[in-house]
Amino acid sequence: MKILILAEQSSRKLKSVALELLQASQGHEVKALVFGSQAKPAAEALAEKCSEVFWVSDAKFDFYHSEAYAKAAQEVIEKFSPELVLGTASALGKDLLPKIAARQAASVVADCTAVSLESGIQLKKPFFAGKALAEIEFQPEAKLKVVSLRPNSLVVGDLPAQSGSVTELAVDFDFANSPLQFVEKKEAKSTRPDLTEASVVVSGGRSLKSKENFSIIFELADALRGAAGASRAAVDEGLAPHEMQVGQTGKTVNPKLYIACGISGAIQHLAGMRTSKVIVAINKDPDAPIFSKADYGLVGDLFELVPAITQEIKKSLA
Amino acid sequence: MTLKIGVLVKQVPDTNSKIQLQGDQIDASGLKFVVNPYDEFGVEEALKTKEIWEKAGQKVETVAVLLGPKAAQKALRDVLAVGLDRGVHILDEEGKASDPKSVSEALKTVCQEEGFHLIFAGKQAVDSDSHATAQMLAEHLKIPHVGVVSKIDFEGKEMAQVERAVDGGSKEIFKLKLPALITANKGLNKMRMASLINIRKAAKKEVKEVPLPSVQADWKVRSWSLPSERAAVKMIEGDMNTQAAELVRLLKEEAKVIGS
Amino acid sequence: MLSQWVTAVLLVLAFGLFSYNFWKLLQIILAGASRDVWNAYHLRLKAVIDQVVLHKKLFRQGVPGLIHFLIFWGFVILSAGTLEWMYMGLTGGGKFDFLGRTGYGLFLLSQDWFNSFVLAAILVAFWRRLVVKPQRMRDNSSKSRADAYFILALIGGLVATSLLCHAIEIQNYGDKALPSFQVFSSLLAGVLPELTTGGWIYQASWWLHLLIVLVFLNYLPFSKHLHVILAFPNVFFSKVKARGELSTPDLEDESIEEFGAERVENLPWTSLLDAFACTECGRCNEFCPTASTGKALKPKTLMIDLRAAATRRKSLYQQNIEGNAALAALQEETLVPNTFSDQFVWDCTTCGACVEACPVMIDHVDAIVEMRRALVLNRGSNPDEATNVFRNFETSSNPWGLSEESRQDWLVQQGVPLFENSEDFDYLYYIGCAGSFDERNRKVVDSVIKLLKKAEVKFGILGKEEKCNGETARRMGNEWLAQQMMQTTVELLNGKAVKKVITSCPHCFNTLKNEYPAFGGQYEVIHHSEVLDSLIQEGRIQPKKSVSDSLTYHDSCYIGRYNDIYDQPRRALQSVSEKKLIEMPRSRDKGFCCGAGGGRMWLEETTGTRINANRADEIIQSGAKRVGVGCPFCMTMITDGLKSKEREDIVVQDLAEVIAEAVD
């Protein structure tokens with residue numbers, strides 16, 4: 001089977017999820033596509049694991065432009081005529097892959113958590129925010145298949161080395177006359193993500209005791225590139241502004257990871273965060289109701305534990 | 001001339017619903033169905049845009065488009081009650097349009113007939129979580145799109161500047177020439193409440209039922225399974241440094257929520 | 001002869017003017033929406049006897065109540081004297097002596113005593129206003145204060161001139177004036193210098209008295225002392241159904257295009273009568289939890305501003321609006337935001353303290369709910385947090401939006417029987433949302449169930465079939481949603497032929513008991529505090545007197561003020577307490593709301609100080625080590641209030657938990 005991998009890079013490095021895509025494609029003829037003038041190292045890294053890498057090296061492609069990217073992908077697909085286009089369920093992949101599919105009169109299976117290509121195409125995809133898992137079956141008429149994989153879904157083993165080539169691809173796209181114009185990208189470095197959109201939320205409760213002490217919550221949130229929240233009691237006591245309140249009368253959050261620090265877990269709070277995928281509770285009271293809702297629980301002094309966790313996270317992500 | 005704004009609406013099980021299987025099928029009997037929450041942002045944005053343009057003297061009609069079985073028409077009535085002008089219901093009683101390709105093709109027929117100047121949709125439907133149909137529709141209609149939008153500023157009726165959320169909290173800003181399609185993210189707005197007066201008016205608004213065009217799905221669900229129930233809390237013991245290290249290890253290796 | 005004519009002309013003019021002004025006032029009041037009041041005459045009469053004749057509510061405040069009682073009865077009796085005065089003027093000196101010596105003597109005696117009493121009372125009232133200055137009077141506007149002084153001076157003048165004239169008559173007519181029946185006037189006659197009835201002092205006093213009467217009569221329609229006239233009808237037409245039953249508008253009626261009170265005339269005329277009957281005494285503000293914590297809503301302001309809004313709009317009812325821009329603009333004015341802010345309307349906890357406190361039976365709460373209905377049903381305008389709750393009710397039938405599947409799951413797993421039909425069970429235990437989902441309140445339910453089992457009560461629960469009964473949605477003005485919810489639960493309960501229901505939540509209790517009959521649900525509804533009290537009384541559970549901590553009880557508004565359940569929870573708690581229960585200053589019918597009623601549990605409290613913190617202070621001051629509650633919302637609010645005061649050492653428990661601990 002011929003497979004085209006849509007790979008992504010950031011800061012001149014291949015994103016690790018690309019290795020998962022390669023892992024899934026083992027045993028097949030694989031080519032890859034990367035975008036941007038900065039993507040040379042990524043292209044070269046990919047070339048060690050597949051037969052050919054198409055590198056769209058024009059600096060105009062440094063920022064995502066759905067129309068231009070789709071045109072590039074279309075050209076590669078026409079050249080290579082793959083049976084499967086495999087990408088990541090990232091902001092870019094989620095936006096671009098359907099567009100690529102539509103141009104080929106194909107469909108998309110998005111956000112798969114299991115991909116096996118040993119005999120045919122075996123896909124598992126969560127529905128209802130992960131409350132059910134579907135096994136996907138393609139119709140025989142389906143020609144091209146477009147699939148995106150959720151990061152961290154596959155374990156990457158030893159990928160056999162290949163000596164693929166890097167082909168610079170010049171794409172003829174009329175940026176000036178496109179109805180879509182890229183203006184700028186605002187990097188999130190300085191500002192924390194919005195609470196309701198964040199994939200990680202760290203919240204503090206009344207037991208932080210002062211506004212200043214909330215800094216340990218912010219530090220952990222920043223280490224995880226997450227948002228900081230607070231319980232109603234903390235907000236009522238003036239430890240945090242109302243915009244940070246998570247719960248019944250505050251914001252409803254739905255992150256992958258929720259860390260509740262010194263929050264007892266009143267139902268008013270749970271109502272705002274119970275759909276979080278993984279819940280960590282840190283509390284000095286082993287009987288706090290929050291532990292019955294948590295996946296991981298730590299009993300102890302949050303003024304010691306939270307900074308310790310921040311240190312560990314920094315170490316691990318460095 | 002009246003400008004038409006289309007709003008794609010899907011009926012989905014409420015996110016509070018507990019999903020259960022009957023045999024290897026989803027048991028729909030216990031499910032409460034609602035308007036897809038992300039579509040609500042599209043509905044509100046259509047109403048706001050109508051207000052802005054009408055203030056500038058432009059006549060605007062807002063049209064909700066829904067694909068689904070007859071029973072899903074409740075969702076259309078719900079958004080009409082919030083203020084959209086009329087609805088089009090593409091009837092699909094047997095669920096033939098089961099993947100983004102078939103749904104987007106079915107929507108294309110209606111949208112072409114309507115000739116929308118602007119189309120809003122939610123960034124994804126919370127049942128299939130595919131975040132694909134709207135972009136595919138834009139492609140079929142040969143209009144540009146920007147997805148996952150949390151801010152829109154119109155420059156007249158032909159141009160909009162939009163802000164799109166990408167990974168890690170960054171934002172990409174685009175200018176978009178209409179006609180175009182925009183998918184809405186949380187934070188764009190909050191849908192107004194339907195008053196009883198408007199609920200009553202909605203019952204009298206026009207809903208056109210059209211048959212499902214001949215479309216072909218590329219894939220369907222072969223079988224369903226449920227993830228294992230949330231396990232009991234794992235208490236992490238030890239001194240504070242051991243606790244911290246063990247937590248980070250578990251989050252990385254077991255829960256797989258950090259480190260990508 | 002001349003003086004007879006002068007009297008007649010004065011009377012005709014004065015009564016004519018009064019009638020004209022009063023008629024205009026009636027038009028304003030009757031412009032309100034219709035309300036059927038021609039029913040339950042015995043209850044209405046009883047209310048008049050209790051509140052007007054006997055002053056029951058006013059007497060709760062001791063001295064001021066007594067003073068008002070004396071002024072009121074003095075006023076009634078002296079009105080008879082006023083009639084004689086007018087008769088005298090019209091007949092040229094005729095008296096009521098046709099009553100016979102004894103009859104007339106008693107008449108004179110009553111006049112003499114009451115003139116003197118009222119004079120004394122007026123002096124005390126002046127003293128209170130000028131020297132003591134109670135808080136609720138200090139809140140009054142200067143106009144309101146001037147009004148009070150003016151009226152007190154008029155009444156003082158009235159009785160003083162009457163005493164003076166009677167004294168002079170005694171001096172002149174001797175025994176013919178029956179001095180033995182007029183002790184105080186005789187005393188006065190004794191100390192006064194000799195005067196004649198023909199002299200200027202008598203004549204001036206006589207005419208002054210008549211003038212004061214006529215001035216007073218015509219001042220009434222423009223002053224808060226209108227209550228002299230309107231208190232009686234206001235009490236008569238006050239709500240006779242259960243206080244906890246809100247009106248049930250027909251939402252299916254397609255001819256109605258606006259619901260609730262969008263404009264002042266959408267309020268029932270009884271509410272407008274309330275506004276004009278208001279004396280501005282300020283008792284409502286004194287007991288109101290929002291007025292006491294510095295929030296926008298003040299029940300007295302509600303009445304004063306309603307009165308002003310209604311008066312402003314009177315030109316609308318009398319003129320042709322077409323083509324008149326000013327009137328058309330006035331017609332567009334709505335209660336919110338033109339008269340009241342959104343905050344004002346949403347502040348209310350519906351605790352009913354104002355209604356309970358009002359001596360003339362004004363119903364503030366129903367008027368507020370009518371305004372909320374207009375906001376929600378006509379405009380879809382409500383606080384954002386309310387939208388979330390409404391949605392959660394719609395999709396999950398509980399305020400948190402938790403999965404219906406998990407409602408009461410732990411009880412079903414324990415094998416608590418499900419109520420299938422009334423043959424197997426005596427009672428349905430309707431647990432309510434808080435008891436079904438909230439970890440803390442689940443423990444209360446565990447205690448109730450333990451005690452019911454102990455007493456071998458045959459009861460069943462509804463498990464995941466139970467739904468929220470609609471109370472909160474209703475008090476938040478979402479009548480459309482509330483009626484659907486109420487009908488659903490009535491159908492469920494009727495389908496199981498439920499006859500007797502035990503509830504743990506006072507809000508469920510009130511709605512099931514008082515509001516469900518209008519939806520076809522007739523049940524005997526009992527709160528668990530009543531059940532536990534009677535089980536203890538009957539000896540079916542025998543708790544030990546094992547609580548040695550000092551204990552106080554916090555009244556829930558919806559079982560207390562709304563349903564008069566004060567003694568049962570106290571008796572039940574006392575049965576396990578070694579010490580005598582501590583009563584807080586604001587208890588029983590004066591109980592202070594926890595801040596959660598009327599949907600406030602689901603809204604942010606961002607203005608003023610926190611209501612639950614205010615109550616927590618009172619609990620701390622009482623010295624109690626434990627607080628008994630009977631409501632899941634009070635449980636949450638009081639616990640949080642004490643936490644915010646760093647007094648987590650004071651234990652908050654439902655009375656069922658306190659009793660369960662004392663039973664093996």
Side-chain donor-acceptor pair under 3.5 Å between A:Ser264 and A:Asp285, yes or no?
no
Starting from the C-alpha separation in whole Å, work towards a yes-or-no answer on salt bridge (charged side-chain N to carboxylate O under 4.0 Å, His left out) for C:Lys464 and C:Glu405.
CA-CA 6 Å; C:Lys464 65 181 179 187; C:Glu405 294 290 318; 3.0 Å; yes
Please rank C:Asn392, C:Thr636, C:Leu603 by heavy-atom pairs under 4.5 Å with chain A and give me the top one.
C:Leu603
Do NZ/NE/NH1/NH2 and the carboxylate oxygens of C:Arg407 and C:Glu465 come within less than 4.0 Å?
no
Sort out for me which of C:Thr639, C:Asp438, C:Val389 touches chain A most, counting heavy-atom pairs under 4.5 Å.
C:Asp438
Compute whether any side-chain donor of one residue and acceptor of the other, for C:Tyr429 and C:Ser504, lie under 3.5 angstrom apart.
yes
Can a cation-pi geometry be assigned to A:Lys293 and A:Phe291, taking NZ or CZ under 6.0 Å from the six-membered ring centre and within 45° of the ring axis?
no
Just give me the residue among C:Pro383, C:Ala386, C:Ser644 that pairs up with chain A most often, heavy atom to heavy atom, under 4.5 Å.
C:Ser644
What part of A:Glu237 gets within 4.5 angstrom of chain C, counting heavy atoms only: side chain, backbone, both, or neither?
side chain
Which one, C:Lys643, C:Glu385, C:Glu604, leads in non-hydrogen pairs under 4.5 Å with chain A?
C:Glu604
Taking atom types as modelled, is there a side-chain donor on C:His528 or C:Asp654 under 3.5 Å from an acceptor on the other?
yes
Sort C:Asp640 into side chain, backbone, both or neither according to what part of it lies under 4.5 angstrom from a heavy atom of chain A.
neither
Looking only at C:Asn388, C:Thr606, C:Asp384, C:Leu402, the option with the highest number of non-hydrogen pairs under 4.5 Å against chain A is C:Leu402
